[in-house]
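Structure first, then comments.
Chain naming here is simple, since letters A, B, ... match the order of the sequence lines and numbering starts at 1 in each. Scope of the values below: all heavy atoms of this structure, side chains included, with no hydrogens, waters or symmetry mates.
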Protein chains: 2
Amino acid sequence: MQEHKVEPSGKDPKQDRTRDVDAPVSRNLKAAQMAGLASSPPDPKLVTFVELLFFAYRDFTREADAVLAEYGLGRAHHRVLHFVNRSPGLKVAELLDILKITKQSLARVLKELVDQGWIIQHEGTSDRRQRLLYATEKGQALSHRLDALQARRVDDALRAAGLDNGDTIARFLFSMTSQEEREKVWALLPAAAPIARGP
Amino acid sequence: MQEHKVEPSGKDPKQDRTRDVDAPVSRNLKAAQMAGLASSPPDPKLVTFVELLFFAYRDFTREADAVLAEYGLGRAHHRVLHFVNRSPGLKVAELLDILKITKQSLARVLKELVDQGWIIQHEGTSDRRQRLLYATEKGQALSHRLDALQARRVDDALRAAGLDNGDTIARFLFSMTSQEEREKVWALLPAAAPIARGP
DNA sequence: CCAAATAAGTCAACAAGGCTGACATAAATG
DNA sequence: CATTTATGTCAGCCTTGTTGACTTATTTGG
């Protein structure tokens, strides 16, 4: 039932455009774009990775969403809870920089998490303007449950990936983050981080 | 918690592929015990992969979003355009199954894409109820541009990942998708798919 | 042949989670 | 003490997801 065996020639009756679908990969894409010229299609093999990433993330998040829904929480709550639990004493400003959302977007979900007792805020000791964030026991338990769910999925996938010890995959994902962010991401990783920083 | 009977960290006769690191997780462990949880905290190494996936996807999508904004389009438009361009003649029902969104959500963005000339629909030849979807030349050009952007990022990351030819990473991502979806995802991949289906 | 199933479109209403910009505090800092 | 900083807040808007009911055209099966 899933038989889109799409002809590469793309011959549809009414549309008779000629497309060079099977053209070789050009490494001059950027130059061609800047010149406003039609570029050849990207390498299908690389596009496959793009699609795999989409499917992986789609299913990866759907699983946790179902659990969160039991508590009337959403994906945004999950992200906040996760990083707070992951880094107890996290500052609001740091969380904003991790999530790349605005103060308002964070405030909405954070308020709910605090009101419902998943997260508590403490005044900073050295700087009393700060509201350091901590997961309550209840929050830790939920975060733990969600982490376990996703960790299991990762574990299964690592196994299915083969004999690789995970370093290659970790380096791939790490390198998928923007250059400017890598320092911060690196700093956040636990000491046990399985990444040998790539060449 | 209901279906959560399995050990989250999967500590079975599994061969210890991961490096033996004495990660101090006492803080979380203590919390879990106080919360009455029987399971051990998730493996920090695996949680690192969860976080890496978040950061990778965060930045991966942000890049394309900026381009889309030039045209007043959003991420939802991108996904539709991508898969239509990728599989010319795609049926609406198939697209719904790929994206896992409702007919309404799709209808909204699809209508805009059609109205603005990125996508055209025509009647199916064998079944005239169907509205087969095709990217126009303009749509193909935009899809190529976005694909090129993301393909380049993937390419760079694959290089940074090391000597791996990509198969391991492709199998990892493929295995991150839900079991029930893999047949369909598999069918969608191009012939050039770099995946040797894992053991 | 006709009833039922199917593919797609549509309407109305709603929710989650992004965004902007302006403004309010309290505390630290030069 | 003036300014900067960390955080919170108000008001409102946009995108993209949701549900459920209903319509239309077409295919299919008894």
Between [atom2] on [N] and [atom1] on [X], what's the gap in Å once rounded to a whole number?
| X | N | atom1 | atom2 | result |
| --- | --- | --- | --- | --- |
| Gln130(A) | dT29(C) | CD | P | 10 Å |
| Arg128(B) | dT28(D) | CZ | C1' | 15 Å |
| Leu110(A) | dA16(C) | CG | P | 17 Å |
| Gln104(A) | dC13(D) | CD | P | 15 Å |
| Arg131(B) | dT24(D) | CZ | P | 14 Å |
| Arg108(B) | dG17(D) | CZ | C1' | 7 Å |
| Leu73(B) | dG18(C) | CG | C1' | 17 Å |
| Leu113(B) | dT16(D) | CG | C1' | 13 Å |

| request: Verify side chain to side chain contact (heavy atoms under 4.5 Å, CB included) between Gln130(A) and His122(A), making sure each step is shown before the conclusion. | output: CA-CA 8 Å; Gln130(A) 298 170 346; His122(A) 290 323; over 6 Å; no
Tell me which nucleotide among [options] gets nearest to the side chain of [X].
| X | options | value |
| --- | --- | --- |
| His77(B) | dT16(D), dT9(D), dT27(D) | dT16(D) |
| Thr102(B) | dT16(D), dA8(C), dT19(D) | dT19(D) |
| Ala76(B) | dG17(D), dC19(C), dA8(C) | dG17(D) |
| Arg129(B) | dT27(D), dA13(C), dG18(C) | dT27(D) |

| request: Select base, sugar-phosphate, or nothing to describe what Gln121(B) touches, counting heavy atoms under 4.0 Å on all strands. | output: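 Counting heavy atoms under 4.0 Å across all strands, the contact made by Gln121(B) is with sugar-phosphate only.
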| said: Strictly below 4.0 Å, N to O, side chains only: are Arg129(A) and Asp127(A) in salt-bridge contact? | reply: yes
| Is a salt bridge present between Arg58(A) and Glu51(A), judged by a nitrogen-to-oxygen distance below 4.0 Å? | no
| Is the base of dG8(D) touched by the side chain of Lys103(A) through a donor-acceptor pair closer than 3.5 angstrom? |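 Answer is yes: a donor-acceptor pair is held.
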| task | Please tell me if the side chains of Val47(B) and His82(A) come closer than 4.5 Å, counting only heavy atoms from C-beta onward. | result |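 Val47(B) reaches His82(A) side chain to side chain.
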| field | Shortest non-hydrogen contact between Ala135(B) and Asn85(B), atoms and distance | value |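 Between these two residues, the closest heavy atoms are CB-OD1, 3.7 Å.
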| field | 5′-ward residue of the pair Leu106(A)/Ala93(B) relative to DNA chain C | value | Ala93(B)
| query | Taking only side-chain nitrogens and oxygens of Arg79(A), does any of them come within less than 4.0 Å of OP1 or OP2 of dG18(C)? | reply | yes
